[in-house]
Structures are given as C-alpha cells and as structure tokens.
Protein chains: 2
Amino acid sequence: MAAPMRRRATGQVSGENIVIEAAWMYYHEGRTQSCIAEQLGVSRATIVNCLQEAKELGLVRITLAPEAFTGHRLAEQLRERFGLAAAYVVPDDAAGEEEALMRVARGAAEWLPRLLAPGDKLGVSWGRTVYEVAEAMEQTRTEDVSVSQLVGSMATPYGFTAEICSAHMAMKLGAKLVNLHAPAVLSDPDLARRLRAEPIIAAQLEALSHCNKAIFAAGSANHESHIVSSGVATHEELDWYTRHGATGVLCGRFIDAQGRSVPGPLDDRMIGVELDKLEGLDMGLLVSTGQDKVRPMLSAIAGGYVTHVVTSVSTAEEMLSSAGG
Amino acid sequence: MAAPMRRRATGQVSGENIVIEAAWMYYHEGRTQSCIAEQLGVSRATIVNCLQEAKELGLVRITLAPEAFTGHRLAEQLRERFGLAAAYVVPDDAAGEEEALMRVARGAAEWLPRLLAPGDKLGVSWGRTVYEVAEAMEQTRTEDVSVSQLVGSMATPYGFTAEICSAHMAMKLGAKLVNLHAPAVLSDPDLARRLRAEPIIAAQLEALSHCNKAIFAAGSANHESHIVSSGVATHEELDWYTRHGATGVLCGRFIDAQGRSVPGPLDDRMIGVELDKLEGLDMGLLVSTGQDKVRPMLSAIAGGYVTHVVTSVSTAEEMLSSAGG
DNA sequence: CAGCTACTTTGACAATTGTCACGAATTGTT
DNA sequence: AACAATTCGTGACAATTGTCAAAGTAGCTG
C-alpha cells in the first residue's frame, strides 16, 4: 500500500513543490515561463505542465472583484429600488439565454462564500440555476456551515434534483448536509401528512426552520417551467394556479404578484419548507436571469423573501422598467 | 466639475461595461482574445487594453489556494510541533532572502483577510515585513474591522514607520484606524510617563487592550536589526539586552528564549503595547522569514503570543530542526 | 469650423504560451 | 534480467498574447 511515488524529484528542486513554486513565480511574480524554467533547471514545457496541473488542482483561483458587480450602476439601482442589502449584476451584452444563466450562476458561486459566516445554516432550493451555482463553485472550506435541502426530491429528467443541488453545494462548501429524504410531492394529501409526521422527516423539516440564510431561484409559472417538466405540477394544476393569480414559483410553492403564497391543491401534498419560513431571513439570495423570470423575481422580492439578488444586466434592466422605475 | 466623460461608447457594446465583459469572457469562460474581440466587434488590441485595464483596476484577482500552503507538509509539522492553529509556508527554493521576504509578505497578505471576521480589532506591529504585507494586500472591503497601531512611531530611514504600516493596512482592509500619535521611544522615562497619561494617548493605548487579533514580525536581537537602525535602541542598549538573555524583539520589546519580556532600561521610555496584552489573543499572526529570524520566532512562539505563522520553506525547516524535531 | 488636445483604436510585428509526438526513466510483470 | 506499460520531460512548431507607432475621433477653443 505504498503511496504512489512521485517521480518529479529528478531536478534540483525539491520536486514535491515544483508545481507550487512554478505557480507562485508565474502568477504572483509575473515571470515568463522561460524564466521560471531556467531558474528551476527544467524545460519550459515542463513549466507549462506544472501550471496546467496547478490549474487542474484548483491551486490557482482567478476571480473578478465582486465590487465590480455589486457596485455596478444597475446593482445600485436594484438595491435602492427594492430595498435589498446588495445586488450582483453580471454582464450579458453579447450572450444568449443559456450563457447568461451560466454567468449568473458563476457570479452567485463566487459571491456566495463571502456571504456566509461560521455558524450559518443555509437552505438550498432546487432548479437548473441552483444546480449550476453549486457546480460553478470552487471547493472551499468554510467553518461550521450546514446546508439543508429546502424541498423534497423529484424525478427530473435533467438530473438536478433537489438533493443533488444541496449535496453539491454542501460538498463545495465543505459543509454539513441535511437532506430531505422524501419526495417533493405525493399523490395523496393523507400520505404526505403521515410522511411529514414520520420522526426522521419531521426532524429534517424541523431543521429547515433553523436556517438563517437561503439560496433559491425564481421559477416562472408557465408551461415550460421545470415545475411541470419535473412532475411537481401537472399542466392542469399549473393552469389552476395561474387562474388564481400565481405569477411565479418559489421553493416549489406558487406565489402571486405580491409574493403571497397561493393556496391550492398541491400544498397539502407537498413536502418542503413553507414560505413563511423564508421571510425575514438574514439572507435570501435570489439567483435568476431571463425575460420570463422577471415577473417571478419581482413577486419573490415583493414577498419579502429576498435580501440579495444575482442577475444579468438585461434582466436587471427589465426588472427596473417593469417595476416602474 | 462634470465627471470626466468616458468615451468608449462608440462600439455596439454598452461601453461602460466592455472591460468587465471582456474580463469575464477571458477569465471565466476561457475564450481567446480574438474570439472576444470578434463577438464584441472591436479589434483584438482593444481587448488587450481592456484586460490590462481590468488588471490595473484590481478587477482580476489571482490567488493561489491557501490550502496549498496551510496544508503543506511543513505547515502541518509547524502546527503540530508548536501547537499553532495554522501555518502558511511559502516556497523559497530558488529564491534569495529578499525574495523570500516578499513571498512571505504576499502569502500573509492573501491569508490575512480570511483570518478576519466582522467586529475584529487588529493590532498592527511595525517593520519591513509588516510593511510589505500591507503593501501586498489587495484592496478589500471588510465589514466592521478596526486597525490599531501597536507601537509608537520612530524615525526609520526606510520609510516604514509604525503609523505607515497600520495606516496602509487599514486602508487596504477598508478598516477604521486608531493610530498612536506618539514616538515609540523617548529620551526620558518621566516624559514617557507623562505622555502615556495624556488623555489622547491614554485613550489610544486603552484601545490597544481591546485588540483581539494582531499581526507582527519577529525581530532579531543583533546589530543589523531595524530596532537599532531605526533608533529605537542604541548599540549599547542592544548589548545590554542580549547580555541579559534577549533572543529577539516583538513589538519593540526584547524577549528571551522563553518569550518572556526582558525588563531593561528601554521599557520605561517606550510607548506601545505591553507584551502581556498580546498573550491569549484570538489570533497572533507571526510573519517572518530568514535564518536570523529563526531564534526570535521560536522565542515568540514559546511566549504564547502566536497562533498563526507565515514563513518560508527553508525557515520552517530550520525552525523544526532548531527546536529539536 | 479649423485646429488643438487628449484619448482610444488599430494593424503589424515581437514575445510568450500551448500542443504534440517522441524519447528517457521508472515500475510492474514474466 | 528482459519486456511491456506507464509516466514524465523535451524540443519543435502552432497559436495566442503583448507592444508600439500611427491613424482616428470626440471634445474643446479661439
């Protein structure tokens, strides 16, 4: 069971550290690869390899200063107009919808670790966007943070179920994980009630009320929404909710333009955090982009669930003009 | 007094944001400059300029993962051997003394912001190393941190007086600053006593006892030390202290091999923090490198002032072998 | 509105960096 | 001990990036 011996120790450099040494000289001291190669007594190509290894190991971290996005004109406007603690606006000038989503996710991924403090309990919602945030995050080791899954699991055809979102997020943060071992929606209200009463589930739901921060996306209340395609709601149910004023979806629950929960046939059958638990948190991080998300985002903000927003330039502009800027 | 109009608005891109847009595409999405230029409809050279501007503005931050240095073999050994909370060991394989110092400073500069939390009061010592740490720090905006100058000012021929160290540090951290408006050492004990009693100085000294974290370097007790060249101690005084067991200097005070303060002729005439105030802090960050610093560092650690260390590979090795590894 | 200033943008060229096929060294296997 | 199998380091070439002088453009001024 001998550890796989490194064999890079032929040079004059201690070997174990040549990757770090090279990365330091390159990124911190701004030397050229040739210079580094010469000093370490290896060929330049080796340095190229070292630098690539450093990148792959996650040794090198390139971030864009968050101030550039939170201090952006539109970010300030969002903050003032909607009374947020802060907003993070990523550029999407020359980007498509898909690309904008990835950028917003990346932005949130870079911002989130700075918004967390030791002792925090972070609730994680579900969806494509949240999944991409977790995916885009660098591995960090945050002290004493725990991550809870805010809504039950569902069978999405895309692979980003609620427990994968929270699990990835916890892993990237190096945090403790509280998963919700139950489906998001059941066929029968009675079964849901009994499941909620089940000790293990009850304990997990109880843990949710202790979350002091949360990350979620706004879902649109239309037929393309993942809430339908992942089987949480049927087309008929969706129609019912929209007829009764639903303008968006937050953590699996339909909300109206004022952000109030729209009570309906699904609620009794769902397992997940209730919206009133999300009010008045230390942080409610809304991560969304896209034209169809503007109304849901405004609804979520109106409901008082949101303290921080990550979005794109064009979405921010539409939010401001929609809200009567 | 109109704001100087930006004129980069000719292109099809919103203009104000082209720098951010370009930086995002380059650093986050890994595109080539040509690709970015094409997409934004400008020449590649323009993108080069944008990226340089981004760097100059401090928009781009390249850091090497701290885990690589705190998780280093020697870092672990230092931690265990000396009971530290953590150690950060920078490579210095192919580096000279001067370069090693710069690297250690840079390492501390990258690490320090992560060791601070809102509400902290950081005491800042004085010296070449501490100065370079402040200099190497990126501008950040830390919430509710204050910086205090731990020792009075002195006339150093090099420009890094105590108040400049603390002022730079505070500026870089975006923190509140409490300077000590007094000389570090006076010619007469009585004058020092009266100055300490002076309300404004007394208040500043009082503030020092509320520091919960501190950053300092270990000074060597030899004739090349800055403690002599900056006029804090004369050659005779230094000799006196070394004859009485001094092995190093910490925050302007001589300490022996066990880290105890060596009482002597200078103490009465000095204005600055007393060593017992530095014991048992939440964090005592010792930043030093060089062969002549090994004994002083060991002394400082023995005295219980140190919870975190930043040093270089070769110094770490010498510390471990000197201390009987 | 011509002319000036200060600035940005550009194209061509130089320097640096990335790629890849090959050879050398090491390990495990027969 | 000889032979794959594997991995790492190397040199030559391709791609990308940095530099710089010249051209262009907006704003200002007489």
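Protein chains get the first letters and strands the later ones, always in sequence-line order, with residue 1 at the start of each.
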Measure [atom1]/[X] against [atom2]/[N] and give the value in whole Å, please.
X	N	atom1	atom2	answer
A/Q33	D/dT10	CD	C1'	14 Å
B/I47	C/dG11	CD1	C1'	15 Å
B/E56	D/dG18	CD	C1'	13 Å
B/N49	D/dG18	CG	C1'	10 Å
B/L40	C/dT8	CG	C1'	16 Å
A/E53	C/dT17	CD	P	19 Å
B/Q52	C/dC7	CD	P	17 Å
A/I36	C/dT16	CD1	P	12 Å

(message) Parallel, tilted or perpendicular, judged at 30° and 60°: which one describes the rings of A/F69 and B/W24?
(response) perpendicular
(request) On the 0 to 90° scale, with breaks at 30° and 60°, tag the A/H226-A/F160 ring pair as parallel, tilted or perpendicular. (result)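 A/H226 vs A/F160 ring planes: perpendicular.
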It should be established whether [X] places a side-chain nitrogen or oxygen under 4.0 Å from OP1 or OP2 of nucleotide [N].
X	N	result
A/S43	D/dT10	yes
B/T32	D/dA15	no
B/T46	C/dT10	yes

(message) Under a plain distance cut-off of 3.5 Å, with no hydrogens placed, do B/H28 and A/E110 share a side-chain donor-acceptor pair?
(response) yes
(message) Looking only at the aromatic ring of each residue, does the gap between the centers of B/Y88 and B/H308 stay below 6.0 angstrom?
(response)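 No.
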(request) Please evaluate the base of D/dG9 for a donor-acceptor partner in the side chain of A/R44 within a cut-off of under 3.5 Å? (result) no
